Amino acid sequence: MTYRCGDDAGGQEQRPTELTEPTELTADLVVDASGRSSSLETWLGALGVTVPAKRTVKAKVTYTSMNFDRPEEGHPDFFVAYQMLFAPRVAQAGVLLAVEGGRWTCSLFGFQQQPPTDDAGYLEFAHGLDNPNLAEQLARRTVQEPTYRYTNVDNQWRPYHTVKDWPDRLVAVGDAVCVFNPVYGQGLTVAAMEAELLHGMLARRRAAGGGLEGVARDFQRRVGRLLLAPWTLSTNSDLMWNPRQRAAGARFAHWYNTRLFRVAVKDASVWSRFVKVVNMTASPAVLFHPVVAAKVLFAAFASAQPAPARQGADGGDKVAR
């Protein structure tokens, strides 16, 4: 542990020796950013503060990742290649991203299955994807870093925003509040938005000459509102692996998203809206704009029509598939 002691430290870092007895440190504001392993819920219980049960949506998704060299010459005409998991039919997926140091980073995903960590198995899994770009780049690698598997991907939300007697001058942020399935890449974005929210609240209090009283509870409530959209986006996808047991609203959202993706891969304007929503720079409402909804409904109508018959080489009718 490293901490600073203000003026007494002379600007130097103080490194304490191992403590054998509990030590009390005072602070104007305590921020719990200790991640998914946070003990804050237990500590609050010891103080007599009741925290409602956390919400958990099991993702049942495993992902395995490696970094490897990216070619200096003969580079492909893309820097991102992606095949999405999509419940309940697409249970294998992957993403290939160009990163610093002339490298690719590749992650392979599996629902209720574990993408291998050995080289041959990893490449075989990639060959099983509909997007061939991942396997093609993996096959030509000459240098690679260790392969890692991650299995703890459940969504968990500790509803601190609902606690009535929340302690003053205490805030929780990031995974200490809400953990997302990392497959969707929302955790870092949400944590940054929470940090920005806290900074703005503290700056306004300071400018107004006010103290810290009441900031913590107000912050946790605002965090609750901030989390609603990314939580819904993440968990709706994970819930749909068993759609028959889900509410009608969730099933409709999944039906709409299925057809939205079919449009987005062919329509740059729809794809741009989708990317902005996933990256949390736009509200999910932009995906229901009348222009987008009309395209989605047209695609749904077109896919529901029987395929036209076409003439085969032998003179017989064949059905287009």
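Heads up: numbering here begins at 1 and tracks the sequence. Note that the structure is a prediction, hence the values are computed from the model and not measured.
- For the atom pair Thr189 OG1 and Phe180 CZ, the distance stands at 9.5 Å (nearest 0.5 Å).
- Looking at Trp166 and His161, their side chains never come closer than 4.5 Å, going by heavy atoms from C-beta outward.
- In this structure, Leu202 and Leu29 have side chains that are in contact, with non-hydrogen atoms separated by less than 4.5 Å.
- A side-chain donor-acceptor contact under 3.5 Å links Thr232 to the backbone of Leu228.
- For residues 192-214, every residue pair satisfying the side chain to side chain donor-acceptor pair (under 3.5 Å) rule, not counting sequence neighbours, is listed here: Arg169-Glu213.
- Between Leu96 and Tyr82 there is no side-chain heavy-atom pair separated by less than 4.5 Å.
- Between Val223 and Tyr160 there is no side-chain heavy-atom pair separated by less than 4.5 Å.
- Checking Asn181 against Ser234 by side-chain atom types alone, no donor-acceptor pair falls below 3.5 Å.
- Around atom CH2 of Trp43, no more than 12 heavy atoms belonging to other residues, nucleotides or ligands sit under 6.0 Å away.
- In this structure, Asp69 CG and Arg141 CZ are separated by 9.0 Å, a value rounded to the nearest 0.5 Å.
- Annotation: side chain of Arg103 is in contact with side chain of Glu145 (closest heavy-atom distance under 4.5 Å).
- Taken together through direct or relayed side-chain contacts under 4.5 Å among Ile, Leu, Val, Met, Phe, Trp and Tyr, Val99 and Tyr148 form parts of separate hydrophobic clusters.
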Ser38 vs Asp32, side chain to side chain donor-acceptor pair (under 3.5 Å): CA-CA, chis, key distance, verdict: CA-CA 8 Å; Ser38 168; Asp32 180 5; 2.5 Å; yes
- request: Show your working on side chain to side chain contact (heavy atoms under 4.5 Å, CB included) between Arg273 and Val278 and close with a plain yes or no.
  value: CA-CA 9 Å; Arg273 289 173 183 260; Val278 171; over 6 Å; no
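- Asp175 is not listed as a side-chain neighbour of Val177, based on a closest heavy-atom distance of 4.5 Å or more.
- A donor-acceptor pair shorter than 3.5 Å cannot be found between the side chains of Arg217 and Gln220.
- Smallest separation of non-hydrogen atoms from Ser283 and Val277: O-CG2, 3.4 Å.
- Note that CZ of Phe274 is 13.5 Å distant from CG of Asp267, once rounded to the nearest 0.5 Å.
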query: Under the side chain to side chain donor-acceptor pair (under 3.5 Å) criterion, do Gln144 and Asp119 qualify, and how do the steps go?
result: CA-CA 10 Å; Gln144 70 182 62; Asp119 291 351; 2.9 Å; yes
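- In this structure, CZ on Phe219 lies 5.0 Å from CG on Leu198, to the nearest 0.5 angstrom.
- Distance alone, capped at 3.5 Å, is enough to place a donor-acceptor pair between the Arg158 side chain and the Ala176 backbone.
- No chain of hydrophobic side-chain contacts below 4.5 Å, direct or via other Ile, Leu, Val, Met, Phe, Trp or Tyr residues, connects Phe68 to Val95.
- Smallest separation of non-hydrogen atoms from Trp157 and Pro159: O-CD, 3.3 Å.
- Pairing each heavy atom of Thr62 with each of Pro115, the nearest pair is O-CD, 3.7 Å.
- Heavy atoms only, all atoms of each residue included: Ala93 and Phe125 are closest at O-CE2, 4.0 Å.
- Here the straight-line distance linking atom OG1 of Thr117 with atom CE of Met66 works out to 9.0 Å at 0.5 Å rounding.
- Tyr63 and Leu108 sit in two unconnected hydrophobic clusters of ILVMFWY residues. Membership requires side-chain heavy atoms under 4.5 Å apart, directly or through other members.
- Judged purely by atom type and a 3.5 angstrom limit, Tyr122 uses its side chain to pair as donor or acceptor with the backbone of Thr64.
- Asn279 and Gln186 are not linked by any side-chain donor-acceptor pair at a separation below 3.5 angstrom, with hydrogens and angles left out of the test.
- Of all the heavy atoms in Leu227 and Cys178, the pair that sits closest is CD1-CB, 3.7 Å.
- Counting only N and O atoms by type, the side chains of Asn131 and Gln83 include no donor and acceptor under 3.5 Å apart.
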task: Test side chain to side chain contact (heavy atoms under 4.5 Å, CB included) on Trp231 and Val57 and set out the steps.
output: CA-CA 10 Å; Trp231 174 266; Val57 175; 4.0 Å; yes
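- For the residue pair Asp154 and Thr56, no side-chain donor N or O sits within less than 3.5 Å of a side-chain acceptor on the partner.
- Side-chain contact between Leu138 and Cys106: present, with at least one pair of heavy atoms (C-beta onward) separated by less than 4.5 Å.
- Centroid-to-centroid, the aromatic rings of His254 and Phe86 come within less than 6.0 Å.
- Between Trp241 and Lys58, the closest side-chain pair of non-hydrogen atoms is not below 4.5 Å.
- Across Leu123 and Ala139, no two heavy atoms sit closer than the pair CD1-N, 4.0 Å.
- Judged purely by atom type and a 3.5 angstrom limit, Arg259 has no side-chain atom pairing as donor or acceptor with the backbone of Tyr256.
- Rounded to the nearest 0.5 Å, atoms CH2 (Trp271) and CZ (Phe261) are 8.0 Å apart.
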message: Between Thr50 and Val163, is the side chain to side chain contact (heavy atoms under 4.5 Å, CB included) condition met? List the steps.
response: CA-CA 7 Å; Thr50 301; Val163 176; over 6 Å; no
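- Residues Leu233 and Phe288 share a hydrophobic cluster, clusters being chains of Ile/Leu/Val/Met/Phe/Trp/Tyr side chains in contact below 4.5 Å.
- Under the 4.5 Å side-chain heavy-atom criterion for ILVMFWY residues, no single connected hydrophobic cluster contains both Val153 and Leu188.
- For the residue pair Gln114 and Arg149, a side-chain donor N or O sits within less than 3.5 Å of a side-chain acceptor on the partner.
- Judged purely by atom type and a 3.5 angstrom limit, Thr105 has no side-chain atom pairing as donor or acceptor with the backbone of Leu97.
- Taking the six-membered ring for Trp, His75 and Trp104 have ring centres closer than 6.0 Å.
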message: Is there a side chain to side chain contact (heavy atoms under 4.5 Å, CB included) between Asn257 and Leu260? Walk through the geometry before answering.
response: CA-CA 5 Å; Asn257 286 340; Leu260 175 72; 4.2 Å; yes
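- Atom CG of Asp28 is surrounded by 12 or fewer heavy atoms from other residues, nucleotides or ligands within 6.0 Å.
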